[in-house]
Novice: 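Shown below is the structure under consideration.
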Amino acid sequence: MADQLIHKDEGFIRILPAWAQEMANKYRSKTANLYILHGNIRDFLPHRKNEDEFTFTRIQEYISDIIFGNRDIIVFYDRSSGVTFCLGEMALEYRRVMGERYPDAGEALFSAEPERSFFYLEKYFLLNSVRGRKGSCRMVLIIDYAETIAPAGELARLSEEDRYRLVTLNRWSNDPAFTEGDISIILLTENLADISPRLAGAPSVVRVQVPFPDEGIRARFLRFKEREGALLLERGLNAERVAAVTSGLNLMNLERLVSESAAEKKILSLDYLRLRKKETIENEAAGLLEFMDTLHDLSYVSGNEFVKKRFRDAARAIKLGRLDVLPMGYLISGPVGTGKSFMVSAFAGEIGIPMVKFRNFRSKWQGVTESNLERVLNILKSMAPVAVMIDEADAFLGDRDQEGDSGTSNRVFAQIASFMGNTEYRGRIIWFLITCRPDLIPIDLKRQGRAEEHLALFYPDTEAEREALFNTLVRKLELSMRKFSVSEMFRKFKYEFSGADLEAVLIRAKLRAAMANRIFVDREDMEQALEDFMPPAYPHEIELQNLVAVLECTSREMIPRRFRNLDRSKLIRDIQEYK
């Protein structure tokens, strides 16, 4: 009988996607009653009917029709619609059988209140399991928006109704009568973290993640829309090219984009697709991710030649498809004002992949932080290849030993560390941890296998480096400058500048020129701006940031000359003194 539970044709199993095969195999093994499907469950799901033909359907129909063949008893439930059946005759049979046994039940049989509907459904399932033992009678209950039935939260804070539902689902997952009677419960939720951990983490429960569509699936879907005449593309674009630039979007997003284009008779261009992709992903991430504009490449970065060479080598490896030689991530350190974030965004511009910045995903509400993080990580997986910037990483990521929030920070830290160390994403999700205090980042995150490459940026160390920085900033800010000796000017004003300091001086000089109704900046503007400028005085903090960056460097060539010959033990003692 088990062979017929999925489909009579064994070949059918082989063309199911991996997540559906996993679920099918678990079901056929008859070792589980309760399944949680999470991830991209609100999307159209592709089903390969044969070598050339695909259909696209929603998850409830996919499970009932494609996996279980709409046979025997398949029930749907959610808090809005209550109890429904995949076929009308199934609903009529349910009403007839239960009406005979519970004549006063009436519409309570189809109630949206789980306490009532679950009671009657359990009685009906067990009754049919006894009746069906001489033949085959499979029963499947699909519960959508499962987070509203068994929400995450501390047990002591759950309502009586929540506890009833949690106990009911846990009991069903372990009940031998359900196993022997071929009764399966399938919970649907976007984020596994939204489900009570007592249920989601139970060993008797099977957890299956439904992934976002890959490039091949997106291309097939777009060809499907093209055959319908709904895909309007500018000259030079085709379904495959659109699929390549829409990583991170699911089929529902693509359907909306294509439908709007067809309704408005608007031709889809590459720029428009990229803009809509950015808007869609930022909306899907609910403000937890921010797209970084990468208008500049590494030619706009002055100095730090060793770091630029490392990034250019990585960019070349990506273009050659050699993702296997790339580090899992980078730790970028150095004192404030050295352009760490700009360097990283310039690298993303060099390789032409999108870059996103983590925004604050933490919440004071129980369970929301883990749910937010799960949502973000799923989006990153779907966007690959993508660069991920975490600024002020020492404060943002926390550590494994934080206390005072019921273990949330510990769980979040472990989840991020595990994700960063997943070698499946080498070269596809590139992490950039940016900090001026790398000593505060836990070793778990900056060890090999996570943030493997440790790079450091420092203030200009020579007159030539300062002049090069000046010229680069002039180009970046698109300033019109009168020619004069930059080196003489710097010799006149002998204090250490960061890139941020010098950029601020240039902006002040530009303002002086504008107030004099000039479009160009001359030497007098610069000297007056320099003479007036007082860089913030944080000598101890800056020196500490320099020293911890030196200690973190994995190459001597990166280190400024004045630090190269420092004894490592003395360096550590100096750091402790400054701390």
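All values below come from the heavy atoms of this structure, side chains included, with hydrogens, waters and symmetry mates left out. Predicted model only: the values in this text are computed from it and were never measured.
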Novice: In this structure, is the centre-to-centre distance between the rings of Y94 and F85 below 6.0 Å?
Specialist: yes
Novice: How far apart are the C-alpha atoms of I281 and N253, what are their side-chain angles, what is the distance that settles it, and do they pass the side chain to side chain contact (heavy atoms under 4.5 Å, CB included) test?
Specialist: CA-CA 9 Å; I281 290 176; N253 299 144; over 6 Å; no
Novice: Please list all pairs passing the salt bridge (Lys or Arg N to Asp or Glu O under 4.0 Å) test where one or both residues lie in residues 97-110, with sequence neighbours left out.
Specialist: R95-E107, R96-E100
Novice: Can a cation-pi geometry be assigned to K266 and Y272, taking NZ or CZ under 6.0 Å from the six-membered ring centre and within 45° of the ring axis?
Specialist: yes
Novice: Quick test of your reading: applying side chain to side chain donor-acceptor pair (under 3.5 Å), list the pairs with at least one residue in residues 199-215, sequence neighbours left out, ordered by first then second residue.
Specialist: S173-S204, N174-S204, Q209-N378, Q209-K381
Novice: Please name the residue in the list V210, I217, L251 that meets the side-chain contact (heavy atoms from CB on, under 4.5 Å) test with L45.
Specialist: V210
Novice: Looking at D65 and E61, would you say the former's side chain and the latter's main chain have a donor-acceptor pair under 3.5 Å?
Specialist: no
Novice: May I have all residue pairs that pass salt bridge (Lys or Arg N to Asp or Glu O under 4.0 Å) and include part of residues 241-254, sequence neighbours excluded?
Specialist: none
Novice: Ignoring hydrogens and angles, tell me if any N or O in the side chain of K26 forms a donor-acceptor pair with the backbone of T31 under 3.5 Å.
Specialist: no
Novice: Side chains of D144 and Q60 only: does a donor on one sit below 3.5 Å from an acceptor on the other?
Specialist: yes
Novice: Counting N and O atoms only, with roles assigned by atom type, does the side chain of S117 sit under 3.5 Å from a partner on the main chain of E113, one being a donor and the other an acceptor?
Specialist: yes
Novice: Is the number of heavy atoms from other residues, nucleotides or ligands within 6.0 Å of CZ (R322) greater than 12?
Specialist: no
Novice: Under the ring pair (Phe, Tyr, Trp, His ring centres under 6.0 Å) rule, what do Y77 and F118 come out as? Steps first, then yes or no, please.
Specialist: CA-CA 10 Å; Y77 172 83; F118 286 6; 5.3 Å; yes
Novice: Please check: side-chain N/O of N128 versus main-chain N/O of Y124, any donor-acceptor pairing under 3.5 Å?
Specialist: yes
Novice: Cation-pi check, R42 to Y145: give yes when NZ or CZ is under 6.0 Å from the six-membered ring centre and within 45° of the ring axis, no otherwise.
Specialist: yes
Novice: Roughly how far apart are E282 CD and F291 CZ, rounded to 0.5 Å?
Specialist: 6.5 Å
Novice: Could you walk me through whether W19 and Y62 satisfy the ring pair (Phe, Tyr, Trp, His ring centres under 6.0 Å) test, starting with their C-alpha distance in whole Å, then the side-chain angles of each, then the deciding distance to 0.1 Å, before giving a yes or no?
Specialist: CA-CA 12 Å; W19 69 267; Y62 191 98; 5.4 Å; yes
Novice: Under a 4.5 Å cut-off applied to non-hydrogen side-chain atoms, are I390 and I434 in contact?
Specialist: no
Novice: Checking D194 against T189 for the side-chain hydrogen bond (donor to acceptor under 3.5 Å, both in side chains) test, could you report, in this order, the C-alpha distance in whole Å, the side-chain angles of both residues, the deciding distance, and whether it holds?
Specialist: CA-CA 8 Å; D194 291 339; T189 185; 4.7 Å; no
Novice: How about L192 and E374: do any of their side-chain heavy atoms sit closer than 4.5 Å?
Specialist: yes
Novice: So, does S111 use its side chain to make a donor-acceptor pair with the main chain of A108 at under 3.5 Å?
Specialist: no
Novice: Just do the side chain to side chain contact (heavy atoms under 4.5 Å, CB included) check on R218 and S247 with the steps written out, would you?
Specialist: CA-CA 9 Å; R218 293 195 301 275; S247 59; 3.7 Å; yes
Novice: Report yes if some heavy atom in the side chain of E190 is under 4.5 Å from a heavy atom in the side chain of I41; otherwise report no.
Specialist: yes
Novice: Taking the six-membered ring for Trp, are the ring centroids of Y120 and F110 within less than 6.0 Å of each other?
Specialist: no
Novice: Take T435 and I441 through the side chain to side chain contact (heavy atoms under 4.5 Å, CB included) test and state the conclusion after the steps.
Specialist: CA-CA 9 Å; T435 178; I441 294 182; 3.5 Å; yes
Novice: So which atom in L233 and which in A239 form the shortest heavy-atom distance, rounded to 0.1 Å?
Specialist: CD1-N, 4.1 Å
Novice: Any donor-acceptor pair under 3.5 Å linking the side chain of N191 with the backbone of A193?
Specialist: no
Novice: Have N372 and T369 got a donor and an acceptor in their side chains that come within less than 3.5 Å?
Specialist: no
Novice: Atom CZ of R163 and atom CD of E161: how far apart are they, to the nearest 0.5 Å?
Specialist: 10.5 Å
Novice: Regarding R165 and E115, does a basic nitrogen lie under 4.0 Å from an acidic carboxylate oxygen?
Specialist: yes
Novice: Of all residues at least two apart in sequence or in a different chain, which pass the side-chain hydrogen bond (donor to acceptor under 3.5 Å, both in side chains) check with K357?
Specialist: none
Novice: What heavy-atom pair brings A150 and L169 nearest, and what distance separates the two atoms?
Specialist: CB-CD1, 4.1 Å
Novice: Is the backbone of D444 close enough, under 3.5 Å, to the side chain of R450 for a donor and an acceptor to pair up by distance?
Specialist: yes
Novice: Scan residues 244-261 for pairs that pass salt bridge (Lys or Arg N to Asp or Glu O under 4.0 Å), counting only residues two or more places apart or in two chains.
Specialist: K225-E255, E260-R276
Novice: Any chance you could measure I143, atom CD1, to I186, atom CD1, to the nearest 0.5 Å?
Specialist: 10.0 Å
Novice: Hey, are the side chains of I379 and L377 touching, using non-hydrogen atoms and a 4.5 Å cut-off?
Specialist: no
Novice: With side chain to side chain contact (heavy atoms under 4.5 Å, CB included) as the criterion, how do D72 and M139 come out once you've worked through the C-alpha distance, each side chain's angles and the decisive distance to 0.1 Å?
Specialist: CA-CA 7 Å; D72 300 325; M139 288 156 280; over 6 Å; no
Novice: So which atom in S184 and which in Y27 form the shortest heavy-atom distance, rounded to 0.1 Å?
Specialist: OG-CE1, 3.2 Å
Novice: Can E122 and R171 be said to form a salt bridge (charged side-chain N to carboxylate O under 4.0 Å, His left out), step by step?
Specialist: CA-CA 11 Å; E122 181 175 355; R171 180 170 55 81; 2.8 Å; yes
Novice: To the nearest 0.5 Å, what is the distance between CG (N33) and CG (L141)?
Specialist: 12.0 Å
Novice: Going from CZ on F125 to CD1 on I183, what distance comes out if it is rounded to the nearest 0.5 angstrom?
Specialist: 7.0 Å
Novice: Do F419 and I416 make a side-chain contact, defined as non-hydrogen atoms from C-beta onward lying under 4.5 Å apart?
Specialist: no
Novice: Over all heavy atoms of both residues, which pair between G449 and M328 is shortest? Give the atoms and the distance, please.
Specialist: O-CG, 3.5 Å
Novice: So do the side chains of F44 and N250 get within less than 4.5 Å of each other, counting heavy atoms only?
Specialist: no
Novice: Is there side-chain contact between L445 and M420, with heavy atoms separated by less than 4.5 Å?
Specialist: yes
Novice: Mind listing the closest non-hydrogen atom pair of I67 and A20 along with its distance?
Specialist: CD1-CB, 4.2 Å
Novice: Between L232 and A262, what is the shortest heavy-atom contact and its length?
Specialist: CD1-CA, 4.0 Å
Novice: Less than 4.5 Å apart, any side-chain heavy atom of I59 and any of L188?
Specialist: yes
Novice: Would you list the pairs meeting side chain to side chain donor-acceptor pair (under 3.5 Å) in which at least one residue belongs to residues 417-433, sequence neighbours left out?
Specialist: R426-E452
Novice: Could you please spell out the steps behind the salt bridge (charged side-chain N to carboxylate O under 4.0 Å, His left out) verdict for R223 and E240?
Specialist: CA-CA 8 Å; R223 286 197 295 269; E240 286 71 21; 2.4 Å; yes
Novice: Roughly how far, to the nearest 0.5 Å, is NE2 of H454 from CG of L433?
Specialist: 8.5 Å
